[in-house]
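Provided herewith is a single structure, encoded as C-alpha cells, for subsequent inquiry.
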Amino acid sequence: LAAADFAAIASKAHAKIAAGQNAGLLATATGGAQPLPNIIDKAVLRTGAAYAGRMLSEPEKRQLRIAFKALL
C-alpha cells in the first residue's frame, strides 16, 4: 500500500465511523500518543483489510493508525 492509500483508507474509515453508532466514541478519541479505543481501532483495521483485500502487516497497521489519528 502507498501513502495515498493510507490517507484514503483513513478518510473512509473516519466517515464510516462518524456516521455509525460509534460516532460518540470517535469524538473522545485523540490524535496524540494515546491508543485508539478498541472498537475504533478494529473498525479502522477492518476497513484497511477490506481495501487491501488481505490482512495488513504490522507496519501497515501502524501507518494506517497514524493516518487515522491525523484526522482527529
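We're numbering straight along the sequence, starting at 1.
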(request) Not counting sequence neighbours, which residues clear side chain to side chain contact (heavy atoms under 4.5 Å, CB included) with Gln21? List them please. (result) none
(message) When you compare the side chain of Ser11 with that of His14, does any pair of heavy atoms fall below 4.5 Å?
(response) no
(request) Identify the heavy atoms of Ala18 and Ala23 that sit nearest to each other, and give their distance. (result) O-CB, 3.2 Å
(request) Kindly say whether Ala43 contributes a backbone atom to a donor-acceptor pair with the side chain of Thr47 at under 3.5 angstrom? (result) yes
(request) Can you run down the salt bridge (Lys or Arg N to Asp or Glu O under 4.0 Å) pairs that involve residues 21-36, sequence neighbours left out, and say none if there aren't any? (result) none
(message) Taking transitive links into account, so neighbours of neighbours count too, which hydrophobic residues share a cluster with Tyr51 at under 4.5 Å side-chain distance?
(response) Leu1, Phe6, Ile9, Ile17, Leu25, Leu26, Leu36, Ile39, Ile40, Val44, Leu45, Leu56, Leu64, Phe68, Leu72
(message) Test: salt bridge (Lys or Arg N to Asp or Glu O under 4.0 Å). Region: residues 10-36. Which pairs qualify, not counting sequence neighbours?
(response) none
(request) Could you note down all residue pairs passing ring-ring contact (aromatic ring centres under 6.0 Å, His included) where residues 27-50 supplies at least one of them, sequence neighbours left out? (result) none
(request) Any salt bridge (Lys or Arg N to Asp or Glu O under 4.0 Å) involving residues 39-55? Give me the pairs, sequence neighbours left out, ordered by first then second residue. (result) Asp41-Arg65, Arg54-Glu60
